[in-house]
Amino acid sequence: MSISVRNLIVFVSAAAFGIMAAGPAEAFEIVGLPGSTWGQVTHDADSGLTGTGFMGFVNQGIDWTKLPGDITLNTFVEYRYRTRTENSTYYDTQGPAIGIELKKTYFRLGADYYRERLTELDRTSDNKEFYFSWYYDWDLRGRAPWFKWGRALPGSTWGFLSYDMNSINGSGAMGFVNQGIDWAVLPGDVVFNTFAEYRHRSRTRNKDYYDAEGPAIGIEFRKSYFRFGIDYYWERFTALGESSNKFQYYVTWFYDWNLKKP
């Protein structure tokens, strides 16, 4: 059964009003108005398989209430964008999304509706998906007193599992595990970091130039919300059986906010 954007908006709105109606109107107050933006610009310096690329999103949500177990109920609107200059047929997409999400510490479980435009194919698809994601970071410095050189040993892992109800891209998984060393703080509060990382991206359909995995090592400079770096990525396109060992330059940024004043 097809679900239109209008019907999903009605569903999300009805869920929100149901929450508010569950108690006295004067006692209800939303928890927060969180939003965020993330973006990444990359340039493949060697292989030419992916070229120069850009991807990112802008998100604005509403945290409606805290459920038992310290779980936050959130609804959101988002705009997503992904493009690159080479082998972009099944990669380039953009469009708006709306969704509902349960959040707890490092984990998120949700469902969203994504009006996706495949720009190279000149096709538009209405994607509905369930997803589960996580993000966790750490600093091993306190657990490794024998390590005397770096200022910190930051690491992180991120993952995203999705189930496409329209069977356009199929079920998918992507993520990374990263471990780095912060060596010094340079003038201007710029942190100098080196890292090793393992990356994975796959889905069950339209995957020829999408599925990729492999290790990477890199050098990175961090300041505030921005990161600039150079890495070497032993990337294997698993569906094609091709490898692309390459240097890549990148700039990333992440910034979040809460429009509800404390």
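Counting from 1, the numbers follow the sequence of the chain as shown.
Counting only heavy atoms from C-beta outward, the side chains of Phe176 and Tyr198 never approach each other to under 4.5 Å. Using a 4.5 Å heavy-atom threshold, the side chains of Gln94 and Thr119 count as touching. Taking the side chain as every heavy atom from C-beta outward, Gln60 and Phe76 never approach each other to under 4.5 Å. At least one side-chain heavy atom of Pro154 sits less than 4.5 Å from a side-chain heavy atom of Asn193. In this structure the side chain of Thr37 reaches within 4.5 angstrom of the side chain of Trp253, judged on heavy atoms. Trp134 has its side chain within reach of Leu161: a pair of non-hydrogen atoms, C-beta onward, lies under 4.5 Å apart. Looking only at side-chain heavy atoms (C-beta outward), Leu102 and Leu67 come within less than 4.5 Å of each other. Residues Arg117 and Asp122 are in side-chain contact: their nearest non-hydrogen atoms beyond the backbone lie under 4.5 Å apart.
To the nearest 0.5 Å, atoms NZ (Lys66) and NZ (Lys104) are separated by 8.5 Å. Taking OG1 of Thr83 as the reference point, atom CD of Glu120 lies at 7.0 Å (rounded to 0.5 Å). Taking OG from Ser133 and CG from Leu109, the interatomic distance works out to 9.0 Å, rounded to the nearest 0.5 Å. Taken from CZ in Phe132 to CZ in Arg108, the straight-line distance is 12.0 Å, to the nearest 0.5 Å. The distance from the OG atom of Ser156 to the CZ atom of Phe195 is 10.0 Å, given to the nearest 0.5 Å. With values rounded to the nearest 0.5 angstrom, Ser162 atom OG is found 7.0 Å from Met174 atom CE.
Taking all atoms of both residues into account, the shortest heavy-atom contact from Asp208 to Phe237 is O-CD2, 4.2 Å. Heavy-atom minimum distance, Phe130 versus Ala111: CD2-CB, 3.7 Å. When all heavy atoms are compared, the tightest approach of Asp164 to Glu129 is CA-CB, 4.3 Å. Closest of all the heavy-atom pairs between Pro34 and Asn258 is N-OD1, 3.9 Å.
Side-chain N/O atoms of Thr194 and Trp183 include a donor and acceptor closer than 3.5 Å. Lys246 and Thr50 form a side-chain donor-acceptor contact under 3.5 Å, judged by distance and modelled atom types alone. Under 3.5 Å, the side chains of Glu29 and Trp64 contain no donor-acceptor pair of N or O atoms.
Here Arg151 does not pair with Asp139 in a salt bridge; the nearest charged N to carboxylate O distance is not below 4.0 Å. Salt-bridge formation is not detected for the pair Asp182/Arg141: no Lys NZ or Arg NE/NH1/NH2 atom is positioned less than 4.0 Å from an Asp or Glu carboxylate oxygen. At a threshold of 4.0 Å, the pair Arg222-Asp189 does not count as salt-bridged, since none of the basic side-chain nitrogens sits closer than that to a carboxylate oxygen.
In this structure, Tyr249 places its OH atom where only 12 or fewer heavy-atom neighbours from other residues, nucleotides or ligands lie under 6.0 Å away. Crowding of Phe57 atom CZ: a count of heavy atoms from other residues, nucleotides or ligands under 6.0 Å exceeding 12. The 12-atom threshold is not exceeded at CZ of Arg123, counting heavy atoms of other residues, nucleotides or ligands nearer than 6.0 Å. Taking a 6.0 Å sphere around CZ of Arg82, one finds it holds more than 12 heavy atoms contributed by other residues, nucleotides or ligands.
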Q) Does the pair Asn127 and Ser125 meet the rule for a side-chain hydrogen bond (donor to acceptor under 3.5 Å, both in side chains), with working shown? A) CA-CA 6 Å; Asn127 293 348; Ser125 61; 3.2 Å; yes
(Q) Between Tyr131 and Phe160, does the ring pair (Phe, Tyr, Trp, His ring centres under 6.0 Å) criterion hold? Intermediate values first, please. (A) CA-CA 7 Å; Tyr131 64 86; Phe160 187 87; 5.5 Å; yes
Q: For ring pair (Phe, Tyr, Trp, His ring centres under 6.0 Å), just list the numbers for Tyr225 and Tyr255, CA-CA rounded to whole Å, side-chain angles, deciding distance to a tenth of an Å, and then say yes or no.
A: CA-CA 6 Å; Tyr225 314 111; Tyr255 179 71; 4.7 Å; yes
Q) Are Tyr106 and Tyr136 close enough, and set up right, to give a ring pair (Phe, Tyr, Trp, His ring centres under 6.0 Å), and what steps lead you there? A) CA-CA 6 Å; Tyr106 314 112; Tyr136 179 70; 4.7 Å; yes
Scan the side chains in residues 210-220 for donor-acceptor partners under 3.5 Å anywhere in the protein, sequence neighbours excluded, and list what turns up.
residue	atom	partner	partner atom	Å
Asp211	OD1	Arg203	N	3.0
Glu220	OE1	Arg227	NH1	3.2
Glu220	OE2	Tyr250	OH	2.7

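The aromatic rings of Phe247 and Tyr232 sit perpendicular to each other, their planes meeting at more than 60°, with 30° as the lower class boundary. Between Phe221 and Phe192, the ring planes are tilted. Angles from 30° to 60° get that label.
Under the 6.0 Å distance and 45° angle rule, Arg84 counts as a cation-pi partner of Tyr91.
Residue Leu73 is tested with Ile62, Thr65, Val31 for a side-chain contact (heavy atoms from CB on, under 4.5 Å); the sole match is Thr65.
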